[in-house]
Amino acid sequence: MAQQEMMQFTELVQARRAVRVFLAEGPFDPEAVQRCLELATLSPNSSNMQLWEFYRVQDPALRQGMIPICMNQNAVRTASELVVAVIRPDRWRQHARENLENLTAENRDNPQLLAKIRRYYQVLIPLTYWQDPLGFTGALRKGLFALLGLFRPSYREAGRSDMQAVMHKSTALACMTFMLAMKAEGLDTCPLEGLDSVRARRLLKLPRAARITMVIACGRGDPQKGTWGVRHRVPHQRVIHRL
């Protein structure tokens, strides 16, 4: 059974491609996008903070407006729908509180574990995520952790840009889950980073604190024009190392 499941997963991964041209006609189920996004929210993420949001751009006028913002890429021009994945740094307090409430309810009979959970979400998470408007706190925190690192293993990536990178990494994991799920639904995707993020946020009226991780074009790929040819990857031995 495990071997069969692995074969199916291998086929799915090999079949997923970044599709640059989508078919204008043919079946496209918007509910499939919803199902795949719901699966994407099950992706691993840092401290279960889930500081992501996904905006489905279905309105034709907004999709049209996104074309020049995304540098006139064919994937955006021909997509049936766009998904804009963003990070939400401003939601850390709310999500930390909800995590604490959930874990407290689940571990009332384990006071030692509960004490650790409370320290984590009431002390460590605020220490890591809180930022002042000018970023001085992040710089101070990064310097403090670097000083501690002289004497013992210490977390180093604690500045404002570092924490945004953490959130973008978690969101990117969810995006990969989404794209694989879409392929399992028989649909295609193309992740895009080439865009004017300021204009995109303005056009889509995204929350002020939101920062775009990527735009994912969705649709049914054109079998003749969708991909740029055979997939090329650098040799495995160059990127996979045994220590």
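Numbers here simply count residues along the sequence, with the first being 1.
For the residue pair A174 and A40, the shortest heavy atom distance occurs at O-CB, 3.4 Å. Here the closest heavy-atom approach between residue V19 and residue V21 is recorded as CG1-O, 3.2 Å. The shortest non-hydrogen separation linking A85 to T171 is CB-CG2, 3.9 Å. A209 and P89 get closest at one heavy-atom pair: O-CD, 3.5 Å. Of all heavy-atom pairs spanning H95 and Q50, the tightest one is CE1-O, 3.2 Å.
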Applying side-chain contact (heavy atoms from CB on, under 4.5 Å) to L39 and F178, what does each step give before you reach the verdict? CA-CA 7 Å; L39 288 173; F178 169 70; over 6 Å; no
Evaluate the side-chain contact (heavy atoms from CB on, under 4.5 Å) criterion for residues R35 and D29: first the C-alpha distance (whole Å), next the side-chain angles of each, then the deciding distance (0.1 Å), finally the verdict. CA-CA 10 Å; R35 291 192 294 270; D29 180 12; 3.4 Å; yes
Determine, stepwise, if the pair M179 / K183 fulfils side-chain contact (heavy atoms from CB on, under 4.5 Å). CA-CA 6 Å; M179 290 185 284; K183 193 59 188 177; over 6 Å; no
Does the pair L62 and L203 meet the rule for a side-chain contact (heavy atoms from CB on, under 4.5 Å), with working shown? CA-CA 7 Å; L62 288 178; L203 173 69; 4.0 Å; yes
Could you walk me through whether E53 and R91 pass the salt bridge (charged side-chain N to carboxylate O under 4.0 Å, His left out) check? CA-CA 10 Å; E53 284 185 347; R91 292 280 177 84; 2.9 Å; yes
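Between the side chains of Q34 and R56, a donor-acceptor pair is found at a separation under 3.5 Å. A side-chain donor from one of S47 and Y120 sits under 3.5 Å from a side-chain acceptor of the other. Counting only N and O atoms by type, the side chains of S43 and T177 include a donor and acceptor under 3.5 Å apart. No side-chain donor-acceptor contact under 3.5 Å links E101 and N99.
Using modelled atom types, one side-chain atom of Y155 and one backbone atom of E157 make a donor-acceptor pair closer than 3.5 Å. Listed for the R141 side chain is no donor-acceptor partner under 3.5 Å among the backbone atoms of G159. In this structure, R201 contributes its side chain and P207 its backbone to no donor-acceptor pair below 3.5 Å. Not one N or O on the side chain of N74 forms a donor-acceptor pair closer than 3.5 Å with the backbone of R77. For the pair S170 (side chain) and N45 (backbone), a donor-acceptor distance under 3.5 Å is absent. Although no hydrogens or angles enter the test, the distance criterion places no donor-acceptor pair under 3.5 Å between the side chain of H236 and the main chain of R233.
Atom-to-atom distance recorded for Q8:CD and Q3:CD is 11.5 Å, nearest 0.5 angstrom. Remark: N107 CG to K116 NZ distance equals 11.5 Å, nearest 0.5 Å. A distance of 10.0 Å separates NE2 of H168 from CE of M214, quoted to the nearest 0.5 Å. Interatomic distance, I67 CD1 to L195 CG, rounded to the nearest 0.5 Å: 13.5 Å. We find the SG-CD distance between C218 and E185 to be 11.5 Å, quoted to the nearest 0.5 Å. In this structure, OG in S154 is found 7.5 Å from CG in L144, a value given to the nearest 0.5 Å.
Under 4.0 Å is where a charged nitrogen must lie from a carboxylate oxygen, and between D222 and K225 no such pair does.
Looking at F145 and L127, their side chains come closer than 4.5 Å, going by heavy atoms from C-beta outward. When side chains are defined from C-beta on, C190 does not count as touching V215, because their heavy atoms never get closer than 4.5 Å. A 4.5 Å side-chain heavy-atom check between I212 and V84 finds at least one atom pair inside the cut-off. Side-chain contact between T213 and V86: absent, with no pair of heavy atoms (C-beta onward) separated by less than 4.5 Å. Put simply, the side chain of R17 reaches to within 4.5 Å of the side chain of R231, judged on heavy atoms. Looking at I87 and L51, their side chains never come closer than 4.5 Å, going by heavy atoms from C-beta outward. The shortest distance between side-chain heavy atoms of M182 and D188 does not fall below 4.5 Å. Two residues are said to be in side-chain contact when any heavy atoms from C-beta on lie closer than 4.5 Å; M167 and M49 fail this criterion.
M163 and L124 fall within the same hydrophobic cluster, defined by Ile, Leu, Val, Met, Phe, Trp and Tyr side-chain heavy atoms under 4.5 Å apart, directly or through other members. Note on M71 and I69: separate hydrophobic clusters, where clusters join Ile, Leu, Val, Met, Phe, Trp and Tyr whose side-chain heavy atoms are under 4.5 Å apart, directly or indirectly. Note: the hydrophobic cluster containing M66 does not contain I216 (ILVMFWY, side chain heavy atoms under 4.5 Å, direct or indirect links). Note: the hydrophobic cluster containing F54 also contains M176 (ILVMFWY, side chain heavy atoms under 4.5 Å, direct or indirect links). Linking Ile, Leu, Val, Met, Phe, Trp and Tyr residues whenever their side-chain heavy atoms come within less than 4.5 Å leaves V57 and F28 in two separate clusters.
Applying the side chain to side chain donor-acceptor pair (under 3.5 Å) rule to T137 yields the partners D132; only residues at least two apart in sequence or on another chain are considered.
A parallel orientation is assigned to the rings of W92 and Y129, their planes being inclined by less than 30° (bins at 30° and 60°).
Both tests do not hold together for R88 against W52: distance to the six-membered ring centre under 6.0 Å, angle to the ring axis within 45°.
Taking a 6.0 Å sphere around CD of Q58, one finds it holds more than 12 heavy atoms contributed by other residues, nucleotides or ligands. Counting non-hydrogen atoms of other residues, nucleotides and ligands closer than 6.0 Å to CG of D109 gives a total of 12 or fewer.
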